[in-house]
Amino acid sequence: MCTGSCAKCLGGTLIPLSVFGLLANILLFFPGGKVIDNNDHLSDEVWYFGGILGSGVLMIFPALVFLGLKNNDCCGCCGNEGCGKRFAMFTSTIFAVIGVLGAGYSFIVSAVSINKGPKCLMSQNSTWGYPFQDGDYLGDSNLWSRCQKPSDVVPWNLTLFSILLIVGAVQIIICAIQVVNGLLGTLCGDCQCCGCCGGDGPV
């Protein structure tokens with residue numbers, strides 16, 4: 001079924017994005033690429049595991065469901081094979097919604113952290129905290145000198161959380177497409193085609 005082909009394509013795209021999310025979140029535990037001596041000096045948002053849970057673990061389940069739809073011959077219900085295929089597409093819609101929630105969580109955590117800035121040893125009073133306000137450091141790199149330690153923590157956090165932000169946004173779009181695709185497959189069976197990944201007719 002063509003909706004299944006589209007879902008498989010979307011699932012294949014989610015897998016590498018999930019890996020990127022996991023790696024980006026793991027790297028955030030090593031600010032500036034170095035092992036930190038006190039975990040309390042890490043930014044709070046790192047411990048929210050947006051990339052590990054939201055864009056990573058929660059995204060694996062929708063991806064696997066999407067990938068399995070193409071070859072799902074569905075035994076059907078009450079002897080009706082089309083009914084089974086519709087149920088499979090409906091199930092994929094539910095998992096797509098879970099994917100939207102997971103990616104949305106990662107997106108929000110990343111956006112908050114980017115606006116807040118990293119936790120660091122502040123040059124003003126030599127204490128650990130957040131020296132930036134309302135994203136003021138984003139437009140003025142001269143303010144980055146407010147962070148003494150860890151070295152390069154500002155570009156490090158900004159780059160990795162930006163990656164998580166982009167990954168989360170793309171995952172939201174992909175899962176939203178599958179919500180529509182799944183509803184079409186649920187309502188219309190295998191006669192519909194979403195037209196993605198080169199699909200232009202029933203499979």
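Just so it is clear, the model here is predicted, and its values are computed rather than measured.
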Participant: Over all heavy atoms of both residues, which pair between Ser113 and Phe161 is shortest? Give the atoms and the distance, please.
Facilitator: OG-CE1, 3.0 Å

Participant: So which atom in Ser92 and which in Gly182 form the shortest heavy-atom distance, rounded to 0.1 Å?
Facilitator: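 Scanning both residues completely, I find the closest heavy atoms to be OG-CA, 4.1 Å.
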
Participant: Are Lys116 and Tyr130 in a cation-pi setup, meaning NZ or CZ lies under 6.0 angstrom from the ring centre and within 45 degrees of the ring axis?
Facilitator: yes

Participant: Could you please spell out the steps behind the side chain to side chain contact (heavy atoms under 4.5 Å, CB included) verdict for Lys34 and Ser151?
Facilitator: CA-CA 9 Å; Lys34 303 176 182 65; Ser151 59; 3.2 Å; yes

Participant: I'd like to know if the side chain of Asn181 reaches the main chain of Cys6, judged simply by a donor and an acceptor atom lying under 3.5 Å from each other, with no hydrogens or angles considered.
Facilitator: no

Participant: Where is the tightest heavy-atom contact between Leu28 and Leu164, given as atom of each residue plus distance?
Facilitator: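 Reported closest heavy-atom pair: CD1-CD1, 3.9 Å.
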
Participant: Indicate if Ile172 and Leu53 have the same hydrophobic cluster label, given that clusters are the connected sets of ILVMFWY residues with side-chain heavy-atom separations under 4.5 angstrom.
Facilitator: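 Yes, same cluster.
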
Participant: Let me confirm one number: the CD1-CG distance from Ile108 to Leu165, rounded to the nearest 0.5 Å.
Facilitator: 10.5 Å

Participant: Should Leu42 and Phe132 be regarded as members of a common hydrophobic cluster, given that ILVMFWY residues are connected when their side-chain heavy atoms come within less than 4.5 Å of each other, either directly or indirectly?
Facilitator: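 Linked, Leu42 and Phe132 end up in one cluster.
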
Participant: Could you give me the CA-CA distance, side-chain angles and deciding distance for Val154 and Leu143, then say whether side chain to side chain contact (heavy atoms under 4.5 Å, CB included) is met?
Facilitator: CA-CA 10 Å; Val154 178; Leu143 297 178; over 6 Å; no

Participant: To check you understand the geometry: which heavy-atom pair defines the closest contact between Pro31 and Ile36, and what is its length?
Facilitator: CG-CD1, 4.0 Å

Participant: Just verifying a value: how many Å separate His41 NE2 and Ser43 OG, rounded to the nearest 0.5 Å?
Facilitator: 11.5 Å

Participant: Do Leu10 and Ile173 share a hydrophobic cluster (ILVMFWY, side-chain heavy atoms under 4.5 Å, transitive)?
Facilitator: yes

Participant: Please examine the side chains of Ile174 and Leu17, heavy atoms only from C-beta on, and report whether any two atoms are closer than 4.5 Å.
Facilitator: yes

Participant: Taking all heavy atoms of Lys119 and all of Val153, pick out the closest pair and write down the distance.
Facilitator: O-CG2, 4.4 Å

Participant: Linking I/L/V/M/F/W/Y whenever their side-chain heavy atoms sit closer than 4.5 Å, directly or via other members, would Val180 and Leu101 fall into one cluster?
Facilitator: no

Participant: Give me the atom names and distance for the closest heavy-atom approach of Ile15 to Ala63.
Facilitator: CD1-CB, 3.6 Å

Participant: Counting distance only, does the side-chain N/O of Asp152 pair as donor-acceptor with the main-chain N or O of Gly32 below 3.5 Å?
Facilitator: no

Participant: Has Trp156 got a side-chain atom pairing as donor or acceptor with Leu27's backbone, closer than 3.5 angstrom?
Facilitator: yes

Participant: Say you draw a straight line from CD1 of Ile98 to CZ of Phe61; how long is it, rounded to the nearest 0.5 Å?
Facilitator: 9.0 Å

Participant: Consider only side-chain heavy atoms of I, L, V, M, F, W and Y, link residues closer than 4.5 Å, and tell whether Leu22 and Val170 are in one cluster.
Facilitator: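 Yes, Leu22 and Val170 fall within the same hydrophobic cluster.
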
Participant: Give me each pair satisfying side chain to side chain donor-acceptor pair (under 3.5 Å) with a member in residues 53-63, each pair once, sequence neighbours excluded.
Facilitator: Ser55-Ser106, Ser55-Gln171

Participant: Below 30° counts as parallel, above 60° as perpendicular, anything between as tilted: where do the rings of Trp47 and Phe49 land?
Facilitator: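 The rings of Trp47 and Phe49 stand perpendicular, inter-plane angle above 60°.
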
Participant: For Asp136, is there any backbone N or O sitting under 3.5 Å from a side-chain donor or acceptor partner on Asp134?
Facilitator: no

Participant: Rounded to the nearest 0.5 Å, how far apart are CZ of Phe29 and CG of Leu160?
Facilitator: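 Between Phe29 CZ and Leu160 CG, I get 12.0 Å after rounding to 0.5 Å.
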
Participant: Determine whether Leu183 and Val179 make a side-chain contact, defined as any pair of heavy atoms from C-beta on separated by less than 4.5 Å.
Facilitator: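 Heavy-atom side-chain distance check passes, below 4.5 Å.
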
Participant: Got a donor-acceptor contact below 3.5 angstrom from the Arg146 side chain to the Pro131 backbone?
Facilitator: yes

Participant: May I ask you to list the residues sharing a hydrophobic cluster with Leu121, side-chain cutoff 4.5 Å, ordered by chain and number?
Facilitator: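 ILVMFWY cluster around Leu121 also holds Trp128.
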
Participant: If you measure from CG on Leu158 to CD1 on Ile114, what distance do you get to the nearest 0.5 Å?
Facilitator: 6.0 Å

Participant: Which distance, rounded to the nearest 0.5 Å, do you find between the CD of Gln178 and the OG1 of Thr13?
Facilitator: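 It is 11.5 Å, given to the nearest 0.5 Å.
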
Participant: Give a yes or no on this: more than 12 heavy atoms of other residues, nucleotides or ligands lie within 6.0 Å of atom CZ of Phe20.
Facilitator: no

Participant: Report yes or no: does Ser141 contribute a side-chain atom to a donor-acceptor pair with the main-chain N or O of Tyr137 at less than 3.5 Å?
Facilitator: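 No, Ser141 side chain to Tyr137 backbone: no donor-acceptor pair under 3.5 Å.
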
